[in-house]
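Note that the structure is a prediction, hence the values are computed from the model and not measured. Sequential numbering from 1 along the given sequence is applied to the chain's residues.
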Amino acid sequence: KLLQPKINEQQKAFYYQQGYWTEQTLRDYWENSVAAYREREYLTDHRGHRFTYGEIDDQASRLASYLMEIGIGRGDIVCCQIPVWVEFAVLAVACFKVGAVINPLSVTFEQQDLRYFLQLHRPALFVCPTFFRGRDFEAQITALRGEFPFLHHVILIDRLQPKNGTDAVFSEITHRYEPIASLPPQGTADDVAVLLCTSGSTGVSKGAMLTHNNILFAELTFNRELGLTQDDVMFMPSPLNHATGFQHGLIATMLLGARVVLQDRFLVKDAIELMNREKCTYSMGATTFLHDILHELDKTGGALEHLRFYLCGGAPVPGNMVQRAWQYGIRLCEVYGSTESTPHLFVPPEQTLSLSGTVSGRPIAGVEVKLVDSQGNEVAVGEEGEECSRGPNVFVGYTGEEKGRPALDADGWFHSGDLAVKNERGFFRITGRIKDIIIRGGENLNANQLEANLSHCPEIAEHAVVGMPDERLGERICAFVTLKPNVTELTHASLLHYLSYREVPKWQWPERLEVVESLPKTDSGKIKKYVLRETITALLAKEKGGLYE
């Protein structure tokens, strides 16, 4: 009952008629790639470990045997918290083989977030490392699993620390079990293949359901529009639980028989060295990554010897960054999309210099884009409206209940909550957003959730959280507060101490605190957040000694 895809039957028939959707699944494409490219390298990590298509397939086939033994099959949800490690790819392929639905979660999720998604998705299996970046993941899932009787199985990856309990170990499974003798009957290409977590248009965390056909259309089109071949090498520093890492990193390369180079923690000097050593020809990620790369190249006089283009999403790309990248022979292409509707606007590499950050892109073949007003009427060229997309790439609904207007309407349109303008040439420019989301380094942060963290602070009377512009991350978190009577001071340090005491995750902490006498409000009492954004932007400009760029 959890996975109930919303697929418009008329659109479905059209997609099949046009050949956008087919009967083939991700398992079919994987098996075909292994047959054709068994000895070709598929994955390389920053430590220099290399894995061919055949080697990944062998490990995934052994893991699939174990999954079948413990009763994991078609439609079962497999939840995981795995860093940018090869085990992620092995688990994904094993899920394709047995028909399970993989639900990757961020490794930054702590107990509060993890509890939410375990309750929402009710997985039969959970996979995580024993230990990673100072955190005991085994202890975390052990403490939680007693709350969820449906969570029957846990697999631990003991790469960095031995296990303490009795749960199965990933490496032992792939060593002891024989490859699956025969693949079980599979479902259809319209089955849900992946649940990716997203803030959605309402800012409430959900699982976005993506079918085999959604993912295959998106990545086959991605490869075709960019002219990629099996000789291309992708550098992927983004987490694999995101659409960028999962779909564009693992799936798009697999469809070509190409190679992806993984870095489990973005360190700019190591990234440049890794891209040069592995002869990476393209990459994709938040503007944050490229900002740091260009800064390092400027500082050291280095070069990226093989990188032809870089795809940036998550925030508008300024024209000066496009020109800076070209100084190093890199075509910087802005893309726009979301987990629900993977990048469907993009600036073609051959046009990025002439357009130079003035647009967010044009629609990819097969995807419709329109802009509508608050009544749902399409607006004219040059007028601002909400960006909506419909196509074979668009997700098929959320898990859990949606409040208010559904993001995916009955006709198959995804209402993004973002504002845009279309020009006479058919290019779109994203101008803002309706939804109250802060985009920090490509991550969507729900301002409502951030504000809820402040609601019990004993010194605070009223509060509002907004995104403040940041050259590197796009936006950072700024909290405006008023103080209760008889409270004379609240420092940033003391606020962070309070949030730490309340066990609020660090990624939700405000990076700046502004204590004000009052918050600007409308006649109805609603806080004017746009005024607060203008205020912090002006303060930053004054501190920088000029206009903020």
- [ ] For G397 and L408, work out which heavy atoms get closest and say how close.
- [x] N-CD2, 3.7 Å

- [ ] Could you tell me how the ring of Y53 sits relative to the ring of Y37: parallel (under 30°), tilted (30 to 60°) or perpendicular (over 60°)?
- [x] tilted

Task: T339 to L210 - nearest heavy-atom pair and separation - done: O-CD2, 4.0 Å

Open item on the list: Restricting to non-hydrogen atoms, name the atom on I173 and the atom on A168 that form the minimum distance, rounded to 0.1 Å.
Closed with: CD1-CB, 3.9 Å

Task: Backbone of P392 reached by a side-chain donor or acceptor of N214 within 3.5 Å - done: yes

Open item on the list: W507 vs D113, test: side-chain contact (heavy atoms from CB on, under 4.5 Å). Steps then yes/no.
Closed with: CA-CA 12 Å; W507 58 269; D113 297 304; 3.6 Å; yes

Open item on the list: Once you measure the plane-to-plane angle for F137 and F132, does it fall in the parallel (<30°), tilted (30-60°) or perpendicular (>60°) bin?
Closed with: tilted

- [ ] Give a yes or no answer on whether the side chain of H344 reaches the backbone of G337 with a donor-acceptor pair at less than 3.5 Å.
- [x] no

Task: salt_bridge(R440, E443) N-O dist < 4.0 Å - done: no

- [ ] To the nearest 0.5 angstrom, please state how far the CZ atom of F117 sits from the CG atom of L195.
- [x] 9.5 Å

- [ ] Could you tell me whether the side chain of N453 reaches within less than 4.5 Å of the side chain of R502, counting heavy atoms only?
- [x] no

Task: S238 side-chain N/O to G285 backbone N/O, donor-acceptor pair under 3.5 Å - done: no

Open item on the list: Quick check for you: to the nearest 0.5 Å, what is the distance between E138 atom CD and T130 atom OG1?
Closed with: 6.5 Å

Open item on the list: Under a 3.5 Å distance rule, please check whether S500 uses its side chain to pair with a backbone N or O of H497 as donor and acceptor.
Closed with: no

Task: Gap between atom CD of E87 and atom CZ of R159 - 0.5 Å precision - done: 4.5 Å

Open item on the list: Working to the nearest 0.5 angstrom, can you tell me the gap between T108 OG1 and Q81 CD?
Closed with: 8.0 Å

Open item on the list: Are the side chains of V317 and L290 in contact, using a 4.5 Å heavy-atom criterion?
Closed with: no

TODO: Please check if the side chain of E475 supplies one atom and the backbone of I439 the other of a donor-acceptor pair under 3.5 Å.
DONE: yes

Open item on the list: For Q263 and D270: C-alpha separation, side-chain torsions, deciding distance, then whether side-chain contact (heavy atoms from CB on, under 4.5 Å) applies.
Closed with: CA-CA 9 Å; Q263 186 183 33; D270 294 345; 3.6 Å; yes

Open item on the list: Just verifying a value: how many Å separate I155 CD1 and D167 CG, rounded to the nearest 0.5 Å?
Closed with: 9.5 Å

TODO: Mind jotting down which residue pairs meet the ring-ring contact (aromatic ring centres under 6.0 Å, His included) criterion with at least one end in residues 155-197? Sequence neighbours excluded, please.
DONE: Y66-Y177

Open item on the list: Could you tell me if the side chain of I157 sits less than 4.5 Å from the side chain of S171, heavy atoms only?
Closed with: no

Task: D232 with R308: basic N within carboxylate O range, under 4.0 Å - done: yes

Open item on the list: Tell me the closest heavy-atom pair linking P179 and D58, and the distance in Å.
Closed with: CG-OD1, 3.7 Å

Open item on the list: I'd like to know if the side chain of N223 and the backbone of A252 have a donor-acceptor N/O pair within less than 3.5 Å.
Closed with: yes

Open item on the list: For a quick test of reading the model, state the closest non-hydrogen atom pair linking A303 to I272 and the distance between them.
Closed with: O-CG2, 4.2 Å

TODO: Give a yes or no answer on whether the side chain of R122 reaches the backbone of F150 with a donor-acceptor pair at less than 3.5 Å.
DONE: no

- [ ] Starting at CH2 of W30, measure out to CG of L255 and round the result to the nearest 0.5 Å.
- [x] 10.5 Å

Task: Lys/Arg N to Asp/Glu carboxylate O, E278 vs R50, below 4.0 Å - done: yes

- [ ] Start with the C-alpha distance between H153 and F126, add both sets of side-chain angles, then the distance that settles ring pair (Phe, Tyr, Trp, His ring centres under 6.0 Å), and finish with yes or no.
- [x] CA-CA 6 Å; H153 302 281; F126 188 85; over 10 Å; no

TODO: Compare every heavy atom of W21 with every heavy atom of Y16, then report the nearest pair and how far apart it is.
DONE: CD2-O, 3.4 Å

- [ ] Enumerate the residue pairs fulfilling ring-ring contact (aromatic ring centres under 6.0 Å, His included) with a member in residues 249-296, sequence neighbours excluded, ordered by first and then second residue.
- [x] F266-F289, Y282-F309

Task: Option among T25, D190, T188 that satisfies the side-chain hydrogen bond (donor to acceptor under 3.5 Å, both in side chains) test with N213 - done: D190

Task: Neighbour count >12 (heavy atoms, 6.0 Å) for atom CD, E147 - done: yes

Using distance only, find each side-chain donor-acceptor pair of residues 90-99 under 3.5 Å and give its atom names and separation, not counting sequence neighbours.
| from | atom 1 | to | atom 2 | distance (Å) |
| --- | --- | --- | --- | --- |
| K97 | NZ | E31 | OE2 | 2.8 |
| K97 | NZ | D57 | OD1 | 2.8 |
| K97 | NZ | S61 | OG | 3.4 |

Open item on the list: If you define the side chain from C-beta out and look only at heavy atoms, does anything of V192 sit under 4.5 Å from M209?
Closed with: yes

Task: Non-hydrogen side-chain atoms of L495 and P510 separated by less than 4.5 Å - done: yes

TODO: Decide whether T22 and Q24 meet the rule of one side-chain donor and one side-chain acceptor closer than 3.5 Å.
DONE: no

- [ ] Mark yes when over 12 heavy atoms from residues, nucleotides or ligands other than R277 sit less than 6.0 Å from its CZ; otherwise mark no.
- [x] yes

Open item on the list: With no hydrogens and no angle check, just 3.5 Å: does a side-chain donor-acceptor pair link D45 and W85?
Closed with: no

Task: side-chain contact (heavy atoms from CB on, under 4.5 Å) assessment of H306 paired with M275 - done: CA-CA 8 Å; H306 306 278; M275 283 188 278; over 6 Å; no

Open item on the list: Could you check whether any side-chain N or O of D264 sits under 3.5 Å from a backbone N or O of P83, counting only pairs where one atom can act as donor and the other as acceptor?
Closed with: no

Task: Min side-chain heavy-atom separation L311-F222 under 4.5 Å - done: yes

- [ ] Begin from the C-alpha positions of L144 and Q111 and carry the test side-chain contact (heavy atoms from CB on, under 4.5 Å) through to its verdict.
- [x] CA-CA 8 Å; L144 284 173; Q111 283 202 5; 4.2 Å; yes

TODO: Answer whether the closest heavy-atom distance between the side chains of P123 and V78 falls below 4.5 Å.
DONE: no

Open item on the list: For the backbone of G73 and the side chain of D76, can you confirm whether one donor and one acceptor N or O come within less than 3.5 Å of each other?
Closed with: yes

TODO: Side-chain contact test, heavy atoms from C-beta onward, threshold under 4.5 Å: evaluate it for Y29 versus I251 and give yes or no.
DONE: no

Open item on the list: Using a 3.5 Å distance criterion without hydrogens, assess whether the side chain of E451 forms a donor-acceptor pair with backbone atoms of V465.
Closed with: yes

